[in-house]
Amino acid sequence: MSAAVAGPGRTFAPPVFDNPEDERQHRKVRLAAGFRLFSKAGFDEGVAGHITARDPEFPDTFWVNPFSLHFSLIKASDLIRVDHEGNVVEGDRPVNRAAFAIHSQIHQARPDATAAAHSHSVYGKSLSALRVPLYPITQDVCAFYQDHAVFDDYTGVVLDTEEGKRIAHALGDNKAVILRNHGLLTVGQTVDSAVWWFMTMERSAQAQLAAMAAGPLVEITPDSAAVTHGQVGSEYAGWFQFQPLFDRIVHEQPDLQD
């Protein structure tokens, strides 16, 4: 395995693996770190929320948090592997049906999406009630400029794969979608980028709500927003931004790797 590692000796490039076993463990550790970071950020609300990672050897299955285990307690060894029919094929805990209904369809529709993240974060669900997109009002939010969608419907808790298909269709080729009256969902080619996109999208929603309450918005011009998207919205930028957060959470909570 040639991989980036935590600490000053890291090679600043996504890791390349010689075998699926090493790649699987890498994704699971990143996934566990993502849940711990979500918990620290206050993105946990009861049993709502899920992050998934496609298995590198069996790509028609994905790893996800077991139902009802708090984000702050999740270790790599706690994760379960689920197929696109909702069956737990590895692990002995139940799956959140909403996680299966949404993420199975996202992973099927987007072969490039190694990971997907969703939770009921406060500012994301607040913004989702306004039926508006993210506006290009800050440098950070330009990561989503012409690269996110709004799913303009709500029919209750997503327990049906048909609803998951509609969400996947709304997402399209974008990195994120705002689910009306529900919250945010992001995808990435790595667990790292999917988690980072969610975290910065939530903060962008917070900034937009604050700015809308304060007065008229001053938007970045389309040309400048497009240039900035190329600088802060690439897949590599998303992966890179996650690395110091990973270092921090592993330093604080090394047990997540177990």
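Quick note: numbers below take in every heavy atom, side chains included, and nothing from hydrogens, waters or symmetry partners.
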ask   = Is any side-chain heavy atom of D83 closer than 4.5 Å to a side-chain heavy atom of F58?
value = no
message = As an exercise, state the distance from CG of D173 to CG of D147, rounded to the nearest 0.5 Å.
response = 9.5 Å
key: Chi angles and distances behind the salt bridge (Lys or Arg N to Asp or Glu O under 4.0 Å) call for D140, R203   = CA-CA 9 Å; D140 297 323; R203 290 185 176 184; over 6 Å; no
query = So, Q208 side chain and P133 main chain: donor-acceptor pair closer than 3.5 Å or not?
reply = yes
Quiz item: cation-pi between R30 and F246, 6.0 Å / 45° = yes
message = Donor-acceptor pair, distance only, cut-off 3.5 Å: does the side chain of R81 make one with the backbone of G91?
response = no
Output a table of donor-acceptor pairs, distance under 3.5 Å, between side-chain atoms of residues 45-52 and any protein atom two or more places apart or on a different chain; print 'none' if there are none.
residue	atom	partner	partner atom	Å
E45	OE1	K125	NZ	2.8
E45	OE2	K125	NZ	3.3
H50	ND1	H103	NE2	2.9
T52	OG1	H103	ND1	2.6
T52	OG1	H107	NE2	2.8

message = Side chains of V150 and V132, heavy atoms from C-beta outward: is any pair under 4.5 Å?
response = no
ask   = Do the charged groups of R27 and E23 touch, with an N to O distance under 4.0 Å?
value = yes
task = Report yes if some heavy atom in the side chain of D78 is under 4.5 Å from a heavy atom in the side chain of R93; otherwise report no.
result = yes
inquiry  = Main chain of V89, side chain of N87: is a donor-acceptor contact present, judged purely on distance under 3.5 Å?
reply    = no
request  = To the nearest 0.5 Å, tell me how far M201 CE sits from I178 CD1.
outcome  = 4.5 Å
query = Donor-acceptor pair, S126 side chain versus V122 backbone, under 3.5 Å?
reply = yes
key: Beyond-backbone contact of L256 with I74, side-chain heavy atoms, under 4.5 angstrom   = no
ask   = Is T114 reaching over with its side chain to a backbone N or O of Q189, donor-acceptor style, under 3.5 angstrom?
value = yes
task = Taking the side chain as every heavy atom from C-beta outward, state whether V195 and V191 have any atom pair closer than 4.5 Å.
result = yes
ask   = Are F67 and F62 connected in a single hydrophobic cluster, I mean Ile/Leu/Val/Met/Phe/Trp/Tyr linked by side-chain heavy atoms less than 4.5 Å apart?
value = no
task = Locate the shortest heavy-atom distance separating V187 from A194; write the atom from each residue and the value.
result = C-CB, 3.9 Å
ask   = Going by the angle between their ring planes, with limits at 30° and 60°, are F38 and F71 parallel, tilted or perpendicular?
value = tilted
task = Check whether any side-chain N or O of D55 sits under 3.5 Å from a backbone N or O of E57 as a donor-acceptor pair, and report yes or no.
result = yes
S234 side chain vs G230 backbone, donor-acceptor pair below 3.5 Å = no
message = Could you check whether any side-chain heavy atom of Q206 comes within less than 4.5 Å of a side-chain heavy atom of E202, counting everything from C-beta outward?
response = no
ask   = Are D44 and S39 close enough that a side-chain donor and a side-chain acceptor fall under 3.5 Å?
value = yes
query = Can K40 and E252 be counted as an ion pair, charged N to O under 4.0 angstrom?
reply = yes
request  = Mark yes when over 12 heavy atoms from residues, nucleotides or ligands other than Y123 sit less than 6.0 Å from its OH; otherwise mark no.
outcome  = no
ask   = Just wondering, do V64 and V95 contact through their side chains at under 4.5 Å, heavy atoms?
value = yes
query = With a cut-off of 6.0 Å (strictly less than), are more than 12 heavy atoms of other residues, nucleotides or ligands near NE2 of H70?
reply = yes
request  = Classify the ring geometry between F43 and F198 as parallel (under 30°), tilted (30 to 60°) or perpendicular (over 60°).
outcome  = perpendicular
Over all atoms of both residues, closest heavy-atom pair of I80 and P66 = CD1-CA, 4.0 Å
message = Would you call the rings of H118 and H182 parallel, tilted or perpendicular, taking 30° and 60° as the class edges?
response = perpendicular
request  = For the pair Q25 (side chain) and E21 (backbone), establish whether a donor and an acceptor sit closer than 3.5 Å, ignoring hydrogens and angles.
outcome  = no
key: Heavy atoms from other residues, nucleotides or ligands near CD of E219 exceed 12 (cutoff 6.0 Å)   = yes
inquiry  = Main chain of A113, side chain of R54: is a donor-acceptor contact present, judged purely on distance under 3.5 Å?
reply    = yes
inquiry  = Taking K75's backbone N and O only, do any of them form a donor-acceptor pair with D258's side chain (distance below 3.5 Å, no angle check)?
reply    = no
remark   = So the salt bridge (charged side-chain N to carboxylate O under 4.0 Å, His left out) pairs with at least one residue in residues 100-124 (sequence neighbours excluded) are R110-D112
Pairs touching residues 203-231 that satisfy ring-ring contact (aromatic ring centres under 6.0 Å, His included), sequence neighbours left out = none
ask   = Which value, rounded to the nearest 0.5 Å, describes the distance between T161 atom OG1 and R97 atom CZ?
value = 9.5 Å
request  = Could you check if a side-chain atom of M199 sits within less than 4.5 angstrom of a side-chain atom of F242, using non-hydrogen atoms only?
outcome  = no
